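Worksheet for the structure shown next.
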Protein chains: 2
Amino acid sequence: MKTTPSHATEDYLKAIYTLSIDGDSASTNDLAERLNIAPASVTGMLQRLASASLPLVDYRKRQGATLTPAGKKAALRVIRRHRLLETYLHEFLGFAWDEVHEEACRMEHVISDAFEERIDALLGHPTYDPHGDPIPDLNLLMPQEASTRLSALRPPQKATIERVDADDKELLRYLEEKSLVPGSKLETRAYSPFDGNLTFKVNGQVMILGPAVTRHIYIQEN
Amino acid sequence: MKTTPSHATEDYLKAIYTLSIDGDSASTNDLAERLNIAPASVTGMLQRLASASLPLVDYRKRQGATLTPAGKKAALRVIRRHRLLETYLHEFLGFAWDEVHEEACRMEHVISDAFEERIDALLGHPTYDPHGDPIPDLNLLMPQEASTRLSALRPPQKATIERVDADDKELLRYLEEKSLVPGSKLETRAYSPFDGNLTFKVNGQVMILGPAVTRHIYIQEN
DNA sequence: ACACTGATTTAGTGTATCCTAAATAAGGTT
DNA sequence: AACCTTATTTAGGATACACTAAATCAGTGT
Ligand SMILES: [Mn+2]
Ligand SMILES: [Mn+2]
Ligand SMILES: [Mn+2]
Ligand SMILES: [Mn+2]
């Protein structure tokens, strides 16, 4: 009886997953914004998803949505495909790291298990995508995500960039140009209060950046 | 205002293209069978396609459908993507030639121009897909297709296999195992009337095969 | 208790595709 | 000319998603 979730459903699942990762449920409005869909439409979709024979979503009126175990599994499957695809597009097809998301977001709904396995093998079973987001393994076990933002770092702490969380392509290109990519090591030099500007050295370069930028960079202290 | 054709539309266009390649129009029933959709649904879809603001399909009641110039262009774009994908899946991802069709038929609707260009370049701008079907070039110019069937060959003619036309995966595997693939050279030895069995040598092997098989193999005499 | 605000849901629609059952048209047959 | 048979269209529905406008709810401050 198990029908494959539709493209739309899979995108909802991914969104609910990331928005409810902190424990509480994903709100209608947040989902609407994330998915670029009117809030009213989201309500309708959540109701439909929650009342399916084998519900993927747990929805309580005005409380938002969370994933059922089956929904979480389905979400992780899509996220795995998405991140593997991003990595593949980047490593094997020469897509820039600001270009991979859209392509992956379309392809993730149509590739077969065989395709997924092939690129996974070709890539050597990667653990992170180009943005540093962890890739769930075959058993859908999701590695821990870095959760400390560069904006929270204070001199004289040192850290390694683990992941970058940005949809904005301009921002992604900007960060890449400044070597603010996963793996780069940095040393903080100064912090200015009120504007939150952080002075730090990366790759031999010293730069001063505000929280509008540093907020999107997640690091591992070292 | 040009909206991208939907997945369904693209599949209709492909089907109409191949069914009307001989000059006359694609009938409702043939389309229904090809697309695995009820005839009544096909009628509805054709009516919709034909009455769009910029119609891709020319439809006359009870006469079947043909493509408008815009429709033909759109069809060729999809066919190009399909065949490039098949070739890519086969050459770079190790898919067998009986596995590539389904995957390509899903992916063809979602890949970007950039993706198409990348795999085209990586493959060295191939002219034929794994089944020997010609790949339209960037200007959507479709090379001539081989149109003589092996079943029409008579001893002592010699020929080279150009393309194989089969949906059946079993048949495809069978043909591959017998080296009946594009590029193979063969020499006819005998023909038996009534059952149409053809005796010929391929790859050092002599075999006798009936028209149920040889009908699907297209050759170039030499 | 009561009004204000922002979040969310309801109501009412629209589009794209598909389906089944019931006409109907076209062509050849008797 | 009336009759089959087969191809095709019409009628009537269903499902999945999305939208706008109009409620309604919840939390806050008064
Ligand atoms: Mn997606
Ligand atoms: Mn990513
Ligand atoms: Mn297709
Ligand atoms: Mn092919």
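Note that the structure is predicted; figures quoted are calculated from it, not measured. Values reported hereafter were calculated over all heavy atoms of this structure, with side chains retained and with hydrogens, waters and symmetry mates removed.
- When the nucleotides dA18(D), dT8(D), dC19(C) are ranked by their closest atom to the side chain of Y12(A), dA18(D) comes out on top.
- Atom CG in L35(B) sits roughly 8 Å away from atom P in dC18(C) (whole-Å rounding).
- For A40(B), the side-chain atoms get nearest to dA11(D) when compared with the rest of dC17(D), dA11(D), dA11(C).
- The nucleotide whose nearest atom lies closest to any side-chain atom of N29(A) is, among dT8(C), dT9(C), dA16(C), dT8(C).
- Straight-line distance from the CG atom of L31(A) to the P atom of dT9(C): 10 Å, rounded to whole Å.
- Proximity of a side-chain donor or acceptor of R83(B) to a complementary backbone N or O of P134(B) within less than 3.5 Å is detected.
- Summarising the geometry, the separation between CE on M45(A) and P on dA18(D) is reported as 6 Å, rounded to the nearest angstrom.
- Dashed line: the shortest gap from a side-chain N or O of K61(B) to OP1 or OP2 of dT10(D) is under 4.0 Å.
- S20(A) contributes no side-chain N or O that, together with a main-chain N or O of S25(A), makes up a donor-acceptor pair within less than 3.5 Å.
- A sub-4.0 Å separation between OP1 or OP2 of dA16(D) and a side-chain N or O of T9(A) is absent.
- Within 4.0 Å (heavy atoms only), T43(B) reaches at least one base atom of the nucleic acid.
- Nucleotide dT17(C) holds its C1' atom 15 Å from the CG atom of L13(B), rounded to whole Å.
- Between dT9(D), dC19(C), dA18(D), one nucleotide has an atom nearer to the side chain of Y59(B) than all others, and that is dT9(D).
- If you check dA18(D), dT20(C), dT10(D) against the side chain of A38(B), the one that comes closest is dT20(C).
- Defined by atom type and a distance below 3.5 Å, a donor-acceptor pair is present between the side-chain atoms of D120(B) and H125(B).
- In this model, no donor atom of one side chain and acceptor atom of the other lie less than 3.5 Å apart for H90(B) and E86(B).
- Where S6(A) and R60(B) each meet DNA chain D at their nearest nucleotide, the meeting point lying more 5' is that of R60(B).
- S41(B) has no side-chain polar atom (N or O) that falls below the 4.0 Å cut-off from OP1 or OP2 of dT17(C).
- Counting only heavy atoms from C-beta on, R48(B) has its side chain closest to dT17(C) among dT9(C), dT17(C), dT9(D).
- With 3.5 Å as the limit, one finds a donor-acceptor pair spanning the side chains of D11(A) and H109(A).
- Heavy atoms of A8(A) sit under 4.0 angstrom from primed sugar atoms or phosphate atoms, though from no base atom.
- The separation between Q63(A) atom CD and dT8(C) atom P is 10 Å, rounded to whole Å.
- Rounding to whole angstrom units, CZ of residue R34(A) and P of dA7(C) are separated by 17 Å.
- Atom CD1 in I37(B) sits roughly 16 Å away from atom C1' in dT8(D) (whole-Å rounding).
- Straight-line distance from the CG atom of L46(A) to the C1' atom of dT9(C): 11 Å, rounded to whole Å.
- Closest approach to the R62(B) side chain among dA18(D), dT8(D), dC18(C) is made by dT8(D) (side chain taken as heavy atoms from C-beta onward).
- Using modelled atom types, one finds a donor on one side chain and an acceptor on the other under 3.5 Å when comparing H82(A) with H101(A).
- With distances taken from any side-chain atom of Q47(B) to the nucleotides dC17(D), dT9(D), dA18(D), the minimum falls on dT9(D).
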